[in-house]
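Computed from a predicted model, the values in this text were never measured in an experiment. Index from 1, following the sequence.
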Amino acid sequence: MKMSNKEAVRKLLGLLKDYKKVIVLVIVCLLISTGLNMCIPLLSKGIMDDGFIGGDKELLIKQVVCSLIIYIIIAMIDVVKEKKRVDIAANIQYCLSEQSFKHLMRIKTDYFSNKNYAEILNNINMDIGNMTSIADDGVFFVVTQAFSMMGGIIGLFILDYRMTLMVLFFIPVKAVIMKCFAKKRKRIMDEFIAESEKYAGWFGNTVGGVREVKLFGILENKKNEFADRQLSVINRQKKLNMLTQWNNITDNVMVHLLTSFIYIVGANLVFDMQLSVGSVFAFITYSTYVTGPISAILNIGYLLSGIIPSTKRYYEFMALEEENGNEENGIKPCFGKLELQNVSFAYEKDKMVLRNVNVAFAKGSKTALIGRNGSGKSTLIGLLLQLYQPTNGSITLSGTDISEMVLKDYRNLVSVVSQDVYMFNTSIRNNICMYKEIDDKIVMEVCENSGLSDFISEVSLDYVVGQNGAMLSGGQKQRVAIARAIVNHPKILLADEPTGALDSHSGEQVMELFQSLNDEGVSILMITHDAEIASMAQRTVEIRDGMMKSKEVAET
């Protein structure tokens, strides 16, 4: 469901609710600052009329000193105000970033199917940056501008009501102009966000395929795509920047136009002896107290027109469904028979990957899962890991639906050797232990069992593997994945082509390791295309066209 503009504004204002005391403190400071500011035009009037024109040097010096003291006090208040505002902005940015990171780590896996990491990072950073601007000086303190405006209007009426009406006429004219600018900015900002998202997705996809770009000589094609997509983003950024510039220019022109009218009308009043010269200059100062806040208040709509689209996208992202961890009400898992009952699954509606799968994996069994590419084998592993939920049917462990179990505890029972294992850019130790505190003796033992010990003896457990294991060979990554899977003594081992990147000798070593785990009571489910490996299982089950085929073989 799409979020309305009203709801987006409510969400934005909600970001400030934890800072009520600080906001009250700032408002008090600004009230003091506003009161002091109100005195300056009157002092300026005295300096002009009584000091310069009246020739009273002593009074002039006193009033100049008073003005200087007031300016210093106002400056000190502004420093305190700005420090508090910067703290609020920084806290909001951190909280939004923390929220989005936690949500991203818990979000359902299918979200990542259509987005790459560059696109996700770009969207989140852009939206948080725009939303944090709710704490910018012009937006956050707009309420306090009302005090300055009221004081300015009172000062204007004290000096001359006729010129005051001329200043007040400025307000509706400015409002109409600002509304036009805000409407146009929102439209361009929506386009900018959409084009930026497309560019980030293209960029992540292209960088991920940089090897293919080089090997197939398609650099020129990618350059042309880059030019089209990047220029589309830049052109909209230029439009936004120019619109902001035109907004500022229009604001300045109108203020100067108003000042010019004040000079002309004020001069006539001075010539007619109805107003003093000092009063005219004081009037101009008071008018800035009115026109400045008016511009700030009317510009809020203009500024929000750039923030609201990001707010909508951010909270639509935050509303995406997370994995159900069942931390509070979940059932503790009990190791036993793992069974799929009438399980069907589809990534997209009406495109079933698995259909009415019924299969049971007995406690301590060793099963080979075979089938053509795309038949649904890896999807089945994803379902068993609860990365996806069945479209229909259920998966049970010891008779209890795994979706009702505490997710963390369930996954602690299960380890996986992925076909395409991901390595973090940290040490081999961390990639095996996954940041758990495990004795090096145990780590070295699993390295020995997975065939990694010779490499460890050359480089040590502290060897940093690079981005996604770039400093390791395919076989070494596979061995790290195997060591990672067995270091925590799992009860269920899911292996997707566990020997695919290994030579025959290493593959035999891994199968011996799996056999020893099986002898210890670990349930093993292996996806494989290797007939020899499949023959080592107690039974072989085939998936064909998303359906389970009874292709049982005699137990070995």
Side-chain angles (χ1 to χ4, degrees), residues 12-13 15-48 62-95 129-156 158 167 170-171 174 178 244 247-248 251-252 254-256 258-259 281-304 306-307:
L12 278 171
L13 295 178
L15 297 176
L16 302 173
K17 67 180 181 181
D18 294 332
Y19 308 99
K20 291 178 181 177
K21 291 182 179 179
V22 179
I23 294 172
V24 169
L25 172 64
V26 170
I27 290 175
V28 170
C29 290
L30 282 164
L31 281 171
I32 296 171
S33 177
T34 300
L36 293 172
N37 263 310
M38 293 299 105
C39 300
I40 290 175
L42 296 177
L43 287 170
S44 298
K45 177 179 179 296
I47 290 170
M48 180 64 68
K62 287 180 180 179
Q63 289 180 328
V64 168
V65 171
C66 285
S67 296
L68 178 61
I69 292 172
I70 289 173
Y71 275 121
I72 291 172
I73 294 172
I74 291 172
M76 293 173 65
I77 291 173
D78 284 344
V79 169
V80 173
K81 175 199 76 173
E82 187 62 13
K83 184 180 184 305
K84 295 299 182 182
R85 184 196 69 78
V86 170
D87 287 343
I88 290 172
N91 289 337
I92 289 174
Q93 182 175 10
Y94 177 80
C95 289
N130 287 338
M131 291 170 67
T132 302
S133 63
I134 190 66
D136 281 355
D137 194 34
V139 177
F140 183 68
F141 297 110
V142 68
V143 175
T144 62
Q145 301 288 341
F147 299 120
S148 177
M149 188 170 68
M150 286 188 292
I153 291 173
I154 292 170
L156 291 176
I158 291 172
V167 173
F170 172 86
I171 297 175
K174 179 68 176 174
M178 282 295 96
T244 299
N247 177 61
N248 293 335
D251 189 23
N252 290 333
M254 291 190 69
V255 169
H256 284 297
L258 178 64
T259 303
F281 284 97
F283 193 92
I284 291 172
T285 305
Y286 277 129
S287 71
T288 61
Y289 292 169
V290 176
T291 58
I294 288 172
S295 296
I297 292 168
L298 295 178
N299 266 316
I300 285 298
Y302 178 77
L303 294 172
L304 287 177
I307 302 173

Q. Under the side chain to side chain contact (heavy atoms under 4.5 Å, CB included) criterion, do L68 and I72 qualify, and how do the steps go?
A. CA-CA 6 Å; L68 178 61; I72 291 172; 4.1 Å; yes
Q) Yes or no on side chain to side chain contact (heavy atoms under 4.5 Å, CB included) for I92 and L16, after CA distance, side-chain angles and deciding distance? A) CA-CA 8 Å; I92 289 174; L16 302 173; 3.8 Å; yes
Q. Which distance, rounded to the nearest 0.5 Å, do you find between the CD1 of I74 and the NZ of K81?
A. 11.0 Å
Q) Can you tell me how far CD1 of I88 sits from CD1 of I134, rounded to the nearest 0.5 angstrom? A) 11.5 Å
Q. Taking all non-hydrogen atoms of both residues, which atom of I307 and which atom of M131 are closest, and how far apart?
A. CG2-CA, 4.0 Å
Q. How far does OG of S67 sit from CD of Q63, to the nearest 0.5 angstrom?
A. 7.0 Å
(Q) For a side chain to side chain contact (heavy atoms under 4.5 Å, CB included) check, start with the C-alpha distance between E82 and V86, then their side-chain angles and the critical distance, and finish with the verdict. (A) CA-CA 6 Å; E82 187 62 13; V86 170; 3.9 Å; yes
Q.
Strictly distance-based, threshold 3.5 Å: is any side-chain N or O of N91 a donor or acceptor partner for the main-chain N or O of D87?
A. yes
